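Read through the structure below, which is laid out as structure tokens, and then see the notes.
Bear in mind that the values here come from a model prediction, so they are computed numbers and not experimental data.
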Amino acid sequence: GTRLTIDRYISVLNALLDRVLTQPENDQASSSKTPFSRNEMMLDSAGIYTGDEDASDQNLLVVERKTFKSLCSGLVQQCGCLSNPSWTIASFIEKKHVARVQSVCPHCKQSRVWANCRVLSGHYLANQKLVHAFTCAGMLPRQYMNFSLFAGIGVVKQKYISSVYLNKLYQQVVADVAEEPMKAAVECGKESPHHATSGEQHRVVQTREVACTKIVLPQVIARGLNITEVAHDYQATIKQKVQQLGVVNSYDTWH
């Protein structure tokens with residue numbers, strides 16, 4: 001399982017480090033290198049990043065394949081004035097999950113701008129896509145923010161996330177996508193004598209059952225699913241809503 005995989009990885013890493021520490025000083029294959037640089041080369045060849053002259057921690061960058069190909073293509077293209085060298089970096093800006101680079105020809109001053117992703121309806125696709133990704137993965141906004149900060153890939157804050165969720169077109173797309181699974185769940189539930197419901201994602205765990213009762217339960221009942229009883233944590237709000245729907249209210253046995 002996962003524990004075994006981690007143990008094996010640590011064993012391999014320890015073996016590599018041991019080999020580095022015991023590497024003979026007179027290694028003929030790298031006799032021109034210092035012991036430290038030979039060690040670096042060995043670890044680098046094993047796929048372990050050992051750093052460079054800049055010892056500071058470096059941020060990561062999420063890049064679209066299309067825009068990365070565009071960058072690579074631009075790097076090998078000469079400017080129209082056929083100068084050599086062709087381009088110099090004039091500015092580099094990082095914000096949220098986006099990086100923008102402006103390059104300038106040192107001779108004719110023509111400039112080009114490259115970003116790590118495309119722009120869709122006035123919004124950078126990387127920001128929109130990562131909000132959608134962490135939401136679909138079941139992560140809470142705070143979990144996503146912590147992950148992004150530790151990974152160093154940039155981060156969008158709650159205000160931006162809310163603007164995505166409140167977009168009417170986004171809400172319509174999510175509703176359309178959710179409709180078919182909802183219908184399938186109802187049909188599946190009709191075939192079973194026992195039915196259960198589950199809440200939508202909320203930032204506070206205790207609010208999930210409340211949201212499920214207020215939002216999901218009326219929807220599945222309206223679609224013809226015969227729910228006769230709902231069991232839940234000890235929550236007066238849920239009990240009141242369940243009774244309003246004419247359904248038997250019960251508490252979980254551990255409550």
Side-chain angles (χ1 to χ4, degrees), residues 49 56-77 87 89-104 110-186 197-212 214-216 218-220 223:
Y49 176 68
S56 63
D57 190 22
Q58 299 292 305
N59 288 336
L60 303 180
L61 188 62
V62 179
V63 184
E64 269 194 295
R65 182 183 289 107
K66 183 179 180 67
T67 55
F68 182 70
K69 288 182 177 179
S70 173
L71 172 64
C72 295
S73 176
L75 290 174
V76 298
Q77 290 179 355
W87 304 96
I89 301 298
S91 66
F92 181 81
I93 302 173
E94 286 183 274
K95 189 174 182 180
K96 299 183 175 71
H97 294 293
V98 178
R100 292 178 72 253
V101 179
Q102 182 182 20
S103 56
V104 178
Q110 177 187 350
S111 66
R112 293 178 178 176
V113 176
W114 176 87
N116 61 313
C117 63
R118 292 168 289 173
V119 176
L120 180 65
S121 299
H123 299 283
Y124 282 107
L125 189 58
N127 294 333
Q128 300 278 309
K129 201 166 186 179
L130 282 167
V131 171
H132 183 62
F134 87 72
T135 304
C136 290
M139 296 174 66
L140 301 179
R142 177 50 57 187
Q143 293 172 324
Y144 146 77
M145 291 178 191
N146 289 338
F147 169 81
S148 297
L149 289 172
F150 281 115
I153 59 174
V155 64
V156 297
K157 298 299 181 67
Q158 186 61 54
K159 183 177 180 180
Y160 186 94
I161 296 171
S162 297
S163 72
V164 175
Y165 290 162
L166 294 175
N167 182 280
K168 297 298 183 183
L169 180 59
Y170 185 86
Q171 292 179 350
Q172 184 59 53
V173 170
V174 172
D176 292 344
V177 172
E179 184 63 24
E180 287 303 317
M182 176 74 78
K183 290 180 179 178
V186 169
T197 59
S198 59
E200 62 183 37
Q201 189 67 57
H202 284 255
R203 284 187 289 172
V204 181
V205 176
Q206 288 83 358
T207 66
R208 292 176 182 172
E209 287 186 307
V210 177
C212 174
K214 290 184 176 180
I215 301 173
V216 179
Q219 290 187 29
V220 295
R223 285 171 168 79

Result block: side-chain N/O donor-acceptor pairs under 3.5 angstrom for residues 128-137, not counting sequence neighbours:
unit_1, atom_1, unit_2, atom_2, d
Q128, NE2, Y160, OH, 2.8
H132, ND1, Y170, OH, 3.1
T135, OG1, V131, O, 2.7
T135, OG1, Y165, OH, 2.5

Which distance, rounded to the nearest 0.5 Å, do you find between the [atom1] of [X] and the [atom2] of [Y]?
{"X": "S163", "Y": "Q158", "atom1": "OG", "atom2": "CD", "answer": "10.0 Å"}
{"X": "L120", "Y": "N127", "atom1": "CG", "atom2": "CG", "answer": "12.0 Å"}
{"X": "D176", "Y": "Q172", "atom1": "CG", "atom2": "CD", "answer": "4.5 Å"}

Tell me, which pairs form a side chain to side chain donor-acceptor pair (under 3.5 Å) where one or both residues lie in residues 113-123, sequence neighbours left out?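 Output for this query lists E64-R118.
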
Intermediate values then yes/no, side-chain contact (heavy atoms from CB on, under 4.5 Å), M139 and F147: CA-CA 10 Å; M139 296 174 66; F147 169 81; 4.3 Å; yes

Can you name the side-chain hydrogen bond (donor to acceptor under 3.5 Å, both in side chains) partners of R112, sequence neighbours left out?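 Residues passing side-chain hydrogen bond (donor to acceptor under 3.5 Å, both in side chains) with R112: none at all.
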
Which atom pair, heavy atoms only, marks the closest approach of [X] to [Y]?
{"X": "Q143", "Y": "G138", "result": "OE1-O, 4.3 Å"}
{"X": "H97", "Y": "G154", "result": "CE1-O, 2.9 Å"}
{"X": "V63", "Y": "F68", "result": "CG1-CB, 3.6 Å"}
{"X": "T67", "Y": "A115", "result": "CB-O, 3.5 Å"}

